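Please read all numbers here as calculations on a predicted model, not as lab measurements.
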Amino acid sequence: MSNRTIMLIDGSSLAFRSFYSILDIERFKNKAGLHTNALFSFNRMLDNVLQEFEPSHVLVAFDKSDVTFRTEKYDHYKAGRQKAPSEFKEQMPYFRVLLDAYGIKHYDLINYEADDIIGTLAFQADADDKVVIISGDKDLTQLASDHVTVYITRKGVSDLEAYTPLVIKEKWGITPNQIVDMKGMMGDSSDNYPGITRIGEKTAVKLLKQFGSLENMYDRLDELKASKMKENIINDKEEAYMSKDLAQILQDAPIEIAMDDLVWKEKNIEALVDFYRHMEFNSFLKQIQGDSLNVTSQTEDDKQFADYEIVALQQTDEITSEVLPDYAVYYSETLVDNYHIAEIQAVAWADPLTEKVYIMEKDIAFQSSIFKKWLANPQALKIFYDYKREAVIASRYDCQLEGLDMDILIATYLVDTHNAQELADIVNLLDLSVSVSYDEAVYGKGVKKKVPEELGVFHQHLAKKLQALYLAKEPILLKLDEVVMTDLYYEMELPLAKCLAQLEIIGVKVNQTTLEEKNDQVLSRIKEMEDEIYKMAGEKFNINSPKQLGVILFEKLELPVLKKTKTGYSTAADVLEKLLAKHPIVQAILDYRQIAKLQSTYLAGLPPYIKEDGKIHSRFVQTLTQTGRLSSTDPNLQNIPIRIEEGRLIRQAFVPSQEDWLMFGADYSQIELRVLAHISNDEHMKAAFINGEDIHSATAKRVFHLPEDQPVSADYRRQAKAVNFGIVYGISDYGLSQNLNIPRKEAKAFIDRYFEEFPGIAQYMEEIVAEAKENGYVKTLFNRRRYLPDISASNFNIRSFAERTAMNSPIQGTAADIIKIAMINLQKNLEKEGLESRIILQVHDELILEGPKEEMERLTQLVPEVMEGAAQLSIPLKVDCASGKNWYELK
C-alpha cells in the first residue's frame with residue numbers, strides 16, 4: 001500500500017493570483033526597489049497548504065511560454081489577454097529561488113502548459129496515492145477522481161474549495177470527464193476559445209444531462225427541437241470540437257521527470273533566511289527562526305559577540321564597582337509583556353569598552369545595594385531598549401532608575417512606526433551587523449514559553465540583544481536627524497517616558513467593594529433584559545449565539561435578511577441597526593449586548609488587575625499608534641464606556657489613594673477641532689472658537705443656512721457634530737450616511753455644503769493630500785511624521801483610505817502631541833511648587849490627578865494654565881476641570 005501524498009501546484013496560475021491578492025503593491029518593496037507582493041502571498045499560500053496536507057511529494061509546474069501546441073491549433077488561443085504588469089514580471093525569477101530554498105521541485109516544459117504537466121503526473125500516480133492539485137483555474141477540475149482532489153482558490157490564494165467527483169456532481173450535475181464537453185459547448189472567454197454561440201454554462205449542463213457528451217449531441221441532433229440554439233449548434237460544430245480539444249488537459253505530455261523526483265526534501269534554512277532577508281519578509285523570518293534555533297546565516301561581524309566574555313554572576317557579592325561601568329547597555333528579561341507583574345528571568349548589562357556581558361539570573365541583582373545605587377546613579381549612563389519598562393521593574397524593588405542615555409524603542413518608533421516591535425525587527429530595520437533571534441524562537445510561545453534548558457543559548461541570546469542595543473544607537477540617531485525628529489525625541493518623547501513611568505508606578509486606587517456592587521446590579525439588569533427579549537421572541541434561546549438569534553429574527557419573526565455568512569444569518573451590529581424600525585426586539589438585543597460586554601470586560605475583567613496595594617497599574621504604551629496617541633493596556637482604562645450610565649457609574653469605583661484626598665480631572669474642550677481650525681486657518685471656524693461659540697451649533701447655522709437669531713435644533717446640532725468629527729477622522733460620504741442613517745447622496749451633499757461654508761478646511765484637505773503624494777508622509781505641528789505608502793496606490797479604495805489618513809493624521813497627531821507636552825509641563829510644575837498632587841491617568845484628551853483637598857484650589861488655577869499653554873495656536877485652547885471624591889464626579 002502506498003502512503004504517498006502527492007501535491008501538484010499550478011505555479012503560473014497561483015503566482016498570478018498571488019500578485020492580485022495584495023493590491024497595495026507599493027507597500028511590498030524591498031530596499032532594492034523590487035516589488036515583492038506576489039512572492040509574499042505565494043509564500044503564505046505555500047506554508048498553508050504544506051501544513052494542511054503534509055505531502056511526501058511536491059511539484060510546482062510553470063508555463064514555459066505563451067506559445068504551445070494549443071496556439072498551433074488555434075492562433076487566437078489566450079489572445080487578447082492583457083500583458084502581465086512589469087511589477088509582476090520582475091518577481092517571477094524569484095519564485096524558483098523560493099522553491100529551491102523550500103526543497104520543492106519545480107518544472108516547465110516547452111510547447112506545453114503547467115496544466116499538462118500536472119495532468120500527466122496525476123495520471124501516473126498509483127490508485128492508492130492521495131493526489132492534491134492546487135490551482136486558480138477551474139479547468140483542472142476535469143482531473144478529479146477517487147484519489148485526486150482539485151483545490152481551486154476562491155479568494156486570494158489561501159481560501160481553497162475542494163472539487164471531488166461528488167462535489168462536481170452536486171455543483172454541475174456532471175462528471176469530471178464531462179467538463180471538457182461543457183467547455184467545448186460554452187467555450188472559455190479567459191482562454192479565448194469560442195464554443196457554440198450563445199451557449200453558457202447552464203445550457204451546456206442541460207445538454208450534457210440529455211446527451212452525455214458533445215459527440216452524442218451531434219450524433220442525435222434530430223432530438224433537438226428547431227430553434228436558434230439548434231441552428232447555432234449546427235453552424236458551430238467545428239468550433240465546438242476545437243474548443244473541447246483545447247480544453248482537454250493532456251495526461252501523456254513528454255515530461256522528463258519521474259515521481260521520485262518530486263520527493264519533498266528538507267527546507268534549506270540558511271537559503272530561506274537569506275531569501276527572506278533579501279525580500280525583507282520579517283514575519284516569515286520570525287517564523288523560520290522559530291522553526292530552528294540554529295538559524296543564523298551570520299557574517300563574521302555577526303559572530304562578533306560570541307567572542308565577548310559572558311560573565312554569569314551567581315552571588316550578589318560578585319556585583320562590585322568593577323563590573324558596573326560608567327557607560328553601559330542595560331536589559332532585564334521577562335517572558336510576559338506586563339512588566340508590572342512579570343517574573344524576571346535575568347538581569348543583564350554590557351560594558352562596551354571591556355567587551356564583557358554580565359548576566360545574573362532571576363532578580364538576585366536587586367538584592368545588591370551596590371547594584372541598586374548604580375541603577376539610581378544619573379552619572380552612570382545607560383542605553384535601554386525600553387526605559388519605562390525598566391524603570392517600573394526597578395521600582396518593584398524600591399529602586400529609582402536614572403542615567404537614561406538612549407531609549408532605542410522610542411527612537412525606532414519615531415523613525416518607523418511599523419517596525420518598533422521586537423528587538424529583532426529593529427535589527428532588521430537598521431541592518432545591524434548582528435543577528436538577533438526573535439524571542440519566540442528562543443523561548444517558545446503560549447503555555448510552553450520558557451527559558452531554554454541550555455543556559456548557553458539563553459545567555460547568548462541576551463548577549464546578542466545587548467550588542468544590538470549598543471550598535472543601534474548611532475544609526476537610529478542619524479535616522480532621527482534625517483527625518484528631523486531629534487527634538488521631538490529629546491524634548492517630548494523621552495521626558496514623557498519618565499512621566500509615564502511615574503504615572504504607572506503610582507497607579508490608581510480601586511474600591512473593589514464598589515466594583516462588586518456595580519457588578520451585582522448589572523447582572524440583575526442583564527437578567528431583566530434577557531427576560532424582556534425572551535418575551536418578545538416568544539421563547540428562550542441563547543441570545544449570545546448568532547445561529548440561534550438568526551433563527552429567531554429571520555425565521556420566526558420574519559425580519560428581512562440583509563446579509564448572510566458562511567454559517568447562516570448575519571446578526572452583526574451594523575445589520576441589526578438597519579432593522580431597528582422593524583421590531584423592538586432589535587433595540588433590546590443591541591442594548592443587551594452593550595451591557596453584557598460592559599459586565600464581562602470591566603466589572604468582571606478589572607478585579608484581576610487590582611494588585612495587593614489596592615491599585616490598578618495600567619501600562620501606557622508610547623510606541624503603538626500611528627498618530628502618536630497613547631494606548632492603555634493591562635487593562636485598558638481609556639475605553640471604559642461613558643455614553644451609557646452603567647458605564648459611567650463604573651468610574652465611581654476609582655478613588656483617591658489616601659484619605660482626605662480628592663481626584664481632579666482636566667479635559668481639553670474640542671482640541672482636535674481647534675487644531676483643525678488652526679492648521680486650516682479657516683476664518684469661519686476660527687471665529688467661532690475665538691467668540692466662544694458652541695462649535696457644533698455654529699457649524700449647523702452655516703451648513704443649514706439658519707438665521708442668526710434662530711435656535712439650533714438638537715437634530716441639526718447632532719448632524720453638524722457628526723460631520724465636524726467626521727472631517728477630523730477623514731470620514732467618507734458612506735461613513736457619514738451610516739452614522740446619520742441618511743442616504744449616501746444626502747451625506748455627500750452635506751459634506752459638499754460643509755466645504756463650501758468652510759473653504760479653508762476644503763483647501764487644507766486638498767493641500768495636505770498633495771503634500772502626502774509629494775513627500776510620502778504628513779506631519780504634525782511638532783514634526784511627528786506618518787508615512788503613507790498607499791497614497792499613490794492604483795486601487796481606488798486603498799488610495800482613498802490613505803488620502804483620508806493624510807487629512808486626519810496631522811490633526812489627531814498634533815492633539816496627541818499637545819497633551820503629551822501638557823503632561824510633561826504639569827509634572828514639572830507640580831514638582832517645582834512642591835505639591836503632593838500627581839497625575840495618575842491619561843484618557844485621550846483628559847488628565848486625571850489625585851491630591852490633598854487643600855491643593856484643589858491651586859490645581860484649579862495651575863492645571864488649566866499649563867494645559868492651555870502647552871501650544872500656541874491662532875485660537876485659544878480651552879480646558880474644563882473639576883474635582884470630586886471619585887472619577888465619576890469629575891464630569
Side-chain angles (χ1 to χ4, degrees), residues 10 12-13 61 63 66-81 111-120 122-123 133 135-145 148 150 152 161 163-253:
D10 184 350
S12 295
S13 168
D63 296 336
D66 292 335
V67 179
T68 67
F69 74 91
R70 290 184 177 86
T71 54
E72 291 174 8
K73 291 182 177 182
Y74 182 54
D75 289 344
H76 301 294
Y77 179 71
K78 291 191 176 180
R81 284 188 172 184
N111 210 36
Y112 296 88
E113 296 180 49
D115 295 7
D116 302 311
I117 299 169
I118 290 171
T120 302
F123 181 74
I133 296 173
S135 176
D137 185 354
K138 287 184 180 177
D139 284 356
L140 278 91
T141 55
Q142 65 184 267
L143 300 175
S145 70
V148 177
V150 182
I152 302 297
E161 183 176 10
Y163 284 82
T164 63
L166 181 60
V167 170
I168 291 168
K169 188 71 175 175
E170 291 174 349
K171 194 175 185 72
W172 291 309
I174 58 177
T175 66
N177 290 334
Q178 290 177 305
I179 289 174
V180 288
D181 295 278
M182 181 174 72
K183 288 283 187 179
M185 293 178 185
M186 62 182 282
D188 190 318
S189 59
S190 174
D191 287 340
N192 197 45
Y193 52 81
I196 300 168
T197 303
R198 298 184 67 81
I199 286 186
E201 184 179 294
K202 287 183 179 179
T203 305
V205 168
K206 183 179 178 182
L207 289 169
L208 283 172
K209 286 179 179 177
Q210 181 178 352
F211 298 108
S213 69
L214 185 72
E215 291 79 5
N216 284 346
M217 180 181 72
Y218 279 104
D219 287 343
R220 294 155 51 188
L221 281 175
D222 57 331
E223 295 179 27
L224 288 172
K225 294 178 181 179
S227 63
K228 183 65 177 174
M229 182 183 74
K230 183 175 182 179
E231 186 181 324
N232 289 336
I233 290 173
I234 294 170
N235 292 338
D236 294 343
K237 180 177 180 180
E238 185 178 338
E239 286 83 358
Y241 276 103
M242 178 193 69
S243 296
K244 178 176 177 177
D245 187 35
L246 292 174
Q248 182 75 59
I249 293 174
L250 295 188
Q251 295 185 319
D252 59 352

field: Derivation of the side-chain contact (heavy atoms from CB on, under 4.5 Å) call for D181 and E215
entry: CA-CA 9 Å; D181 295 278; E215 291 79 5; 3.6 Å; yes
task: Given side-chain contact (heavy atoms from CB on, under 4.5 Å), test Q210 with M217 step by step and report yes or no.
output: CA-CA 8 Å; Q210 181 178 352; M217 180 181 72; over 6 Å; no
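Taking the side chain as every heavy atom from C-beta outward, D139 and D191 approach each other to under 4.5 Å. At least one side-chain heavy atom of L224 sits less than 4.5 Å from a side-chain heavy atom of L221. Side-chain contact between F69 and L250: present, with at least one pair of heavy atoms (C-beta onward) separated by less than 4.5 Å. Using a 4.5 Å cut-off on side-chain heavy atoms (C-beta onward), T203 and R198 make no contact. A 4.5 Å side-chain heavy-atom check between I199 and I233 finds at least one atom pair inside the cut-off. The shortest side-chain heavy-atom distance between I152 and D137 does not fall under the 4.5 Å cut-off. Within the 4.5 Å cutoff, the side chain of P194 has heavy atoms near those of the M242 side chain.
Under the side-chain hydrogen bond (donor to acceptor under 3.5 Å, both in side chains) test applied with T197, the options N232, N235, D236 reduce to a single match, D236.
Taking CE of M182 as the reference point, atom OG1 of T175 lies at 10.5 Å (rounded to 0.5 Å). Atom-to-atom distance recorded for Y163:OH and K171:NZ is 4.0 Å, nearest 0.5 angstrom. I179 contributes atom CD1, which lies 10.5 Å from atom CD of Q248 (distance to the nearest 0.5 angstrom).
For the pair R70 and D115, the salt-bridge criterion is not met [side-chain N within less than 4.0 Å of a carboxylate O].
Taking each heavy atom of S13 and G136 in turn, the nearest pair found is OG-N, 3.0 Å. Residue G119 comes nearest to Q251 through the heavy atom pair O-CG, 3.7 Å, listed as atom of the first residue, atom of the second, then distance. The nearest pair of heavy atoms linking K237 to Y218 is CA-OH, 3.2 Å. Residues M186 and A204 share a closest heavy-atom pair of CB-CB, 4.5 Å. Closest of all the heavy-atom pairs between S243 and K183 is CB-O, 4.1 Å.
Classification of the Y193-Y77 ring pair by plane angle, with boundaries at 30° and 60°, yields parallel.
Annotation for F123: atom CZ does not count as buried by contact number, only 12 or fewer foreign heavy atoms lying within 6.0 Å. Heavy atoms of other residues, nucleotides or ligands lying less than 6.0 angstrom from NZ of K230 number more than 12.
Side chain to side chain, D10 and S135 meet the donor-acceptor criterion of an N or O pair below 3.5 Å.
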